[in-house]
Participant: 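I'd like to ask some things about the structure below.
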Protein chains: 2
Amino acid sequence: MSRVTIADVARTAGVSKTAVSFAFNYPDRLGQATRDRVLQVAEELGYTPHPLARALSLRRSGAIGLLIPQSLSLVFGNPFTSELIQGLGSAFAEHDLVLLLVPPLAGSLEDAVRQASVDGFISLGLTADDPALEALARMGLPTVHVDSEPVTGAVVNVDDRGGAEAAARHLVELGHRRLALITLPPARSRSGVTAVATRRLAGYHAALEGAGLEEPLMLSASATMPAGAEVFRSLYEARPRPTGVLAMSDMAAIGLMSAARDAGWQVPQELSIVGFDDLPMAAWTAPGLTTVRQPIVEKGRLAAELVIHLLEGRRVVSPPPLPTSLIVRGSTSAPRR
Amino acid sequence: MSRVTIADVARTAGVSKTAVSFAFNYPDRLGQATRDRVLQVAEELGYTPHPLARALSLRRSGAIGLLIPQSLSLVFGNPFTSELIQGLGSAFAEHDLVLLLVPPLAGSLEDAVRQASVDGFISLGLTADDPALEALARMGLPTVHVDSEPVTGAVVNVDDRGGAEAAARHLVELGHRRLALITLPPARSRSGVTAVATRRLAGYHAALEGAGLEEPLMLSASATMPAGAEVFRSLYEARPRPTGVLAMSDMAAIGLMSAARDAGWQVPQELSIVGFDDLPMAAWTAPGLTTVRQPIVEKGRLAAELVIHLLEGRRVVSPPPLPTSLIVRGSTSAPRR
DNA sequence: TTGTATGCGTTATCAA
DNA sequence: TTGATAACGCATACAA
């Protein structure tokens, strides 16, 4: 155990606790002799300042909490999360900050928020009515919301609507008339549909209505390959069969593509598929996945920079949505007639 | 700010701090009336117990540190990390534990260890001479080492050697005579070659020597696709050209495969490639990647369970290495003659 | 059932 | 240059 405390060192070295503290934090403010003696004793006793006590006294822990709406198992099944963390990490590293992953505690994200010893929070995909927001406000800590609605405070988003619209227009222009949409399910049971899903849906619909298409088949799948594969069944049974699918995540799109090919369907000839995210692996599937690129790493980096600004006491305004763009690969083509 | 403290609530409610504390932590030990009043006042004032102060007093923070040998940007570029976290997360969720990602602070993992307010550590890929081990020992916290050498304490490993040997034997049996090995570079600058790399190398060599093959071409690449692609150049210039490659990571293998195909090489006809890990995406490349499967999620889960056991004061012995197995896919075949 | 007093291990203010 | 001592905010023996 970390039993040896600053008092032990002070007593053994025959100095006050202040002197020991200075020896570690302000070496210059101590005489050469006493400093050396203190450090010597500390070394011998194997003393290490207690991080928690230090944090309480300094009123900062050096950690930022990443609020994760679901279980780690689920969320880290989507490479999106890794990409985001890469962005966060690049900014945090420059400020000696460390990242605390905070998933719901026994199903409650509010409880998790209250437990977390951090200097600030970055939330992910919260809706405006999420009870975690109330808990966050109570904590009174700098907070940045990613993929959320314009709640009070700093929000970082991408142009979900524009990206979705471009994706839908792409299929329309290829000649597809009967489409299916794979939406994202609500991330947290109590809350309704995600802000991100709402915006993308609006984008899809704008393009479809503009082209006078019939109502698309509405499906739902979380951002995992199994969920995407699962959706294939509904697609298989649908009459008339959609010739194109717009998915709100690359993972679901890839899972679906896999299931379709396993069932003997030709992609894209019999089924065109468009994803969302442009994860690195989207370029690696066979065929490559046509998808909407969003700058995930940049989004993470931006969110991290904002929370750091807040930490430094600066005022922060929510930046405009980051741009999205359609990346056309092999998974889309004109429908076979 | 979280300005309102337990004392404020106590004063406003006209009770002692103890009563307030009880109202939150031991509601039963308080009279109905006072409890309600305290909670009422707490609500009105927007009181939330300070997690840090609480942790200091309870002597536990509810967080476990994951010691990451390199930057988050680098480590999360490898899906291996996501898989591991999925395993850790499934165990931690059951114990209301939260995960702190601890990369080196200004290049020093030791400093990062000293700063981390956690109840225990899980380390990743540390060598026996890593200075972080000393810092860890000083902290006196429960610690489990993953992918390490049998240092003192609990260690979780997989059968690296057996897996590597199976991979090499596979190529030998296909008729390859001239091979290249892509090893993992040392994760931390000061330390030598990783324990994992050493064990896998031993496995490769055992199979090659058993077959009387000449010395393989030795290359090195971190577990990223760009690093793997980079390695292709050396391969391209080598004379005689290797017909098969054994990589210590799927990511490097896939990066290499990509570069080779971009250069017009046929995989596997002109170059057979074997990876290591069996990441989900290994099944998604074209052709599929032959690789050594290791149970990453289980490894994470096991490490988490061990550190939880230590936390609970139980004695723990290092489990035997988890099994590995060769998964043959399309990226290997007999060499073209 | 409720309150007093002390401990948790630091840092920091203010004197000396 | 060094040392008492008071925060930091909460939990908890022990007492009432």
Side-chain angles (χ1 to χ4, degrees), chain A residues 1-39 41-42 45-63 114-119 138-141, chain B residues 1-39 41-42 45-63 114-119 138-141:
Chain A
M1 352 269 168
S2 186
R3 283 252 139 281
V4 39
T5 78
I6 198 172
D8 299 325
V9 177
R11 194 177 332 107
T12 311
V15 297
S16 72
K17 295 193 295 178
T18 311
V20 180
S21 180
F22 279 0
F24 279 84
N25 302 316
Y26 307 95
D28 297 342
R29 298 172 59 171
L30 232 49
Q32 166 95 5
T34 45
R35 180 184 61 220
D36 289 352
R37 181 157 37 89
V38 167
L39 291 178
V41 169
L45 266 48
Y47 167 71
T48 296
H50 193 301
L52 222 48
R54 195 178 147 81
L56 179 62
S57 192
L58 287 175
R59 274 170 292 282
R60 50 178 205 81
S61 68
R114 284 188 270 264
Q115 301 258 354
S117 297
V118 297
D119 300 331
R138 258 170 136 79
M139 300 296 287
L141 296 175
Chain B
M1 347 271 170
S2 186
R3 283 250 144 281
V4 40
T5 79
I6 197 172
D8 299 324
V9 177
R11 193 175 334 105
T12 311
V15 296
S16 73
K17 294 194 292 177
T18 311
V20 179
S21 179
F22 279 1
F24 279 85
N25 303 316
Y26 307 94
D28 298 342
R29 295 172 61 173
L30 231 49
Q32 165 95 1
T34 46
R35 181 185 58 219
D36 288 352
R37 181 156 38 92
V38 167
L39 290 179
V41 168
L45 266 49
Y47 168 70
T48 296
H50 193 301
L52 223 48
R54 195 177 148 81
L56 179 61
S57 192
L58 286 175
R59 274 168 292 281
R60 54 178 202 79
S61 68
R114 282 188 273 264
Q115 302 258 354
S117 296
V118 296
D119 301 331
R138 256 174 139 80
M139 299 297 286
L141 295 176

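Keep in mind the model is a prediction, meaning the values are calculated, not measured. Proteins get letters first, then strands, A, B, ... in listed order; numbering begins at 1 in each.
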Participant: Have a look at B:Phe24 and say if it touches a base, only the backbone sugar-phosphate, or nothing, with a 4.0 Å heavy-atom cut-off.
Facilitator: nothing
Participant: Please confirm whether the shortest side-chain N or O distance from A:Tyr47 to OP1 or OP2 of C:dG9 is below 4.0 Å.
Facilitator: no
Participant: So, A:Thr48 side chain and B:Arg138 main chain: donor-acceptor pair closer than 3.5 Å or not?
Facilitator: no
Participant: Here's a test of your reading of the structure: between B:Ala19 and A:Arg54, which maps to the more 5' nucleotide of DNA chain C?
Facilitator: B:Ala19
Participant: Provide, to the nearest angstrom, the distance between the CG atom belonging to A:Leu45 and the C1' atom belonging to C:dG9.
Facilitator: 15 Å
Participant: What's the closest nucleotide to the side chain of A:Leu30 if the choices are D:dT2, D:dC10, C:dT4?
Facilitator: D:dT2
Participant: If you compare every side-chain N and O of B:Ser21 against the phosphate oxygens of D:dA11 (OP1, OP2), does one of them come in below 4.0 Å?
Facilitator: yes
Participant: Closest to the B:Thr18 side chain: D:dT12, D:dG9, C:dC8?
Facilitator: D:dT12
Participant: Kindly give the heavy-atom pair with the smallest separation between A:Val38 and A:Val9, and that separation in Å.
Facilitator: O-CG1, 4.1 Å
Participant: Can you tell me if the side-chain N/O atoms of A:Tyr26 get under 4.0 Å from OP1 or OP2 in C:dA12?
Facilitator: yes
Participant: Got A:Thr18 and A:Phe22 here, is their nearest side-chain heavy-atom distance under 4.5 Å?
Facilitator: yes
Participant: What's B:Val15 touching, base or sugar-phosphate or nothing? Going by heavy atoms closer than 4.0 Å.
Facilitator: sugar-phosphate
Participant: Do A:Asp119 and A:Leu141 come within less than 4.5 Å of each other through their side chains, counting heavy atoms only?
Facilitator: no
Participant: Please evaluate the base of C:dG9 for a donor-acceptor partner in the side chain of A:Ser57 within a cut-off of under 3.5 Å?
Facilitator: no
Participant: Check the distance between C:dA12's P and A:Arg60's CZ and give it to me in whole angstrom.
Facilitator: 10 Å
Participant: Please state how far atom NZ in B:Lys17 lies from atom P in D:dA11, giving the value in whole angstrom units.
Facilitator: 10 Å
Participant: Closest nucleotide of DNA chain C for B:Leu56 versus for B:Arg29: which of these residues is on the 5' side?
Facilitator: B:Arg29
Participant: Atom CZ of residue position B:Arg60 - does it have more than 12 heavy atoms of other residues, nucleotides or ligands inside 6.0 Å?
Facilitator: no
Participant: Closest heavy-atom contact between B:Pro27 and B:Ala23?
Facilitator: CG-O, 3.8 Å
Participant: Between A:Arg11 (CZ) and D:dG3 (C1'), how many Å, whole number?
Facilitator: 16 Å
Participant: Once you round it to whole Å, what is the distance between C1' of D:dA7 and CD1 of B:Ile6?
Facilitator: 16 Å
Participant: Given side chains that start at C-beta, do those of A:Thr5 and A:Asp8 come closer than 4.5 Å, heavy atoms only?
Facilitator: yes
Participant: For the base of C:dT10, is there a side-chain donor-acceptor partner from A:Thr5 under 3.5 Å away?
Facilitator: no
Participant: Taking atom P of D:dG9 as reference, at what distance in whole Å does atom CZ of A:Arg138 sit?
Facilitator: 17 Å
Participant: Quick one: does B:Arg37's side chain have a donor or acceptor within less than 3.5 Å of a partner on B:Ala13's backbone?
Facilitator: yes
Participant: For the helix from C:dT1-D:dA16 to C:dA16-D:dT1, measure the angle between the helix axis at one end and the axis at the other, each built from five pairs, rounding to 10°.
Facilitator: 40°
Participant: Give the rounded distance in Å between these two atoms: CZ of A:Phe22 and P of C:dT11.
Facilitator: 10 Å
